[in-house]
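Data first, discussion second: the structure below is written as structure tokens.
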Amino acid sequence: MAMAWDQNALRADFCHALSEMYKSEVPLYGDLIDVVWEADAQAVRASKTLGGAKAINPDDVLPSRHRVERHGAIRLGTAYELSTIRRMFSVMGMYPVGYYDLSLAGFPMHATAFRPKTQDALSQHPFRVFTTVLRMELLTEKTRKLAQKALAQRKIFTPRLLELLDLVEKNGALTPAESAEFIQNGLETFRWHSKATVTLDEYMQLKAEHPLIADVVSFPSSHINHLTPRTIDIDLVQRLMVDQGMPAKERIEGPPKRSCPILLRQTSFKALEETVYFRDTLDEYVKGSHTARFGEVEQRGYALTRKGRQLYDRILDQVNIDATKNNLKGGDYEKVLEGHFKAFPDSLSELRDQNLAYFSYRVTSTGEKLTEDGAVLSKFGSKASIQELLDQDILVYEPLTYEDFLPLSAGGIFNSNLGSVSQSKQLIMSAEPDLDGFQRCLGSYIADEFYLYSEMQKESIQRCKHQLGLEIIV
Ligand code: OOG
Ligand code: NI
């Protein structure tokens, strides 16, 4: 008999090992984790003094997934790297979801997020990794040649990892010993290396075209560039970061603070300047520096439907137009953001009635009792509407968490970590998205995030239907 094969446990162990490695590489990350724990504890305590419905039940708001929840980000150079990463993440039950066109923000790259897809896997361990890949066709010819040469020479996967990928694809599972090797070897792909694979001159040329090109191309691994914990109070984390003298970014990206949090709010501390050794023409090492790795924290809100997302994007566009026109900064920007977001309904019932967010439905204890007594059938026959069932306290709903990313927020975070802008930015910004090209490099399709959320919502209604013994819920 094969050993029980638990991809959820493997994903959790991998994420934990990665977190430990990153903590030793970037000690500020460890400090940020402490700040998040402190902020979450304070938020829970503060809510208790408010009492009543405002009191946060730590078991509701901080289910075990919160404490271990992380997202990472990596940047790849080639189709081979991307398709191999896909194989590696799939071992841990992480699959490509969502396509992100970063040319909109002036970056010659596009991305997907590898993450668990089912509610069950997400609740066990929601590790996700935002994965970008360079778009060679958006580079100037000279830089493309240099990038291709450097990337052709590097090997970001250990030989043993590649063997293990073949093995798991053949056998459908890894033994516990192989799983341990998988973690150990997998970490090597994400480890930081301070010795560059290019010369200082080459690095400068890559960087002049776009700093991210230099970050992708110059190193022997695809170092993880941040690993982000989740908090329940990002405003508090931001304040604590500033109080503790961490190099915090000026403002929180994404929607303003609301009573119904939507999508994603993120803030970060700025990238560290790190010592890097470059080869010179005599093959000796010369000292230089590179900024890439930073710390980030996120607060997750509700998943929006396409309609909700369109409204969100429209509002944010307005905010950006106003902010650029009036050169708004700091508190003024915040006011305009809040003002425009008044147009986005901020109660659960409006979000549901107007089909702006996704929800999961479940049967209440009243509903269970009425079903046992046969009262559901006698009241409704075989068919009931969701609205009737909600009105009669037979069903309740709660919002689904947004499990994905926001490219424009990512753009803000990228930009605050970059400094100078590229010469070829115009070329990049006029590019079209290239989902097909991405999928070809990936060697598989990307799942549509809206489809996944709507399936989760549908499945929850199906479960209720069975539990209530109804044939149809409309
Ligand atoms: C990716 C940034 C995207 C986020 O949280 O939106 C991201 C990168 O910097 O490579 O992680
Ligand atoms: Ni991030």
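Remember, it's 1-based here, ligands and their atoms both numbered in the order they're listed.
For ligand 1, the atoms closer than 4.0 angstrom to any heavy atom of H71 are 4 (C), 5 (O), 11 (O). Close approach of ligand 1 to A73 is summarised as follows: ligand atoms under 4.0 Å from at least one heavy atom of the residue are 1 (C), 8 (C), 10 (O), 11 (O). Proximity to F405 (heavy-atom distance under 4.0 Å) selects the following atoms of ligand 1: 4 (C), 5 (O), 6 (O). Every atom of ligand 1 is numbered from 1 in the order shown, and the set under 4.0 Å from a heavy atom of Q266 is 4 (C), 5 (O), 6 (O).
The distance from the CD atom of E455 to the CD atom of Q457 is 10.5 Å, given to the nearest 0.5 Å.
Distances between N or O atoms of T132 and those of ligand 1 include no value under 3.5 Å.
Residue contacts with ligand 1, taken as heavy atom pairs separated by less than 4.0 Å, involve E296 solely via side-chain atoms from C-beta onward. Using a 4.0 Å cut-off between heavy atoms, N225 contacts ligand 1 through its side chain alone, with no backbone atom that close.
Checked for salt-bridge contact, R128 and E298 meet the test: a charged N lies under 4.0 Å from a carboxylate O.
More than 12 heavy atoms of other residues, nucleotides or ligands sit less than 6.0 Å from atom NZ of K307.
A donor-acceptor contact closer than 3.5 angstrom links the side chains of Q238 and T267. For the residue pair Q205 and E209, no side-chain donor N or O sits within less than 3.5 Å of a side-chain acceptor on the partner. T305 and N355 share no side-chain donor-acceptor pair at under 3.5 Å. For T132 and Y100, the side-chain atoms include no donor-acceptor pair closer than 3.5 Å.
Restricting E296 to its N/O/S atoms, the shortest distance to the Ni ion (ligand 2) is reached by OE1.
Rounding to 10 degrees, one finds that the Ni ion (ligand 2) sits at the corner of an angle of 100° between H71 NE2 and H226 NE2.
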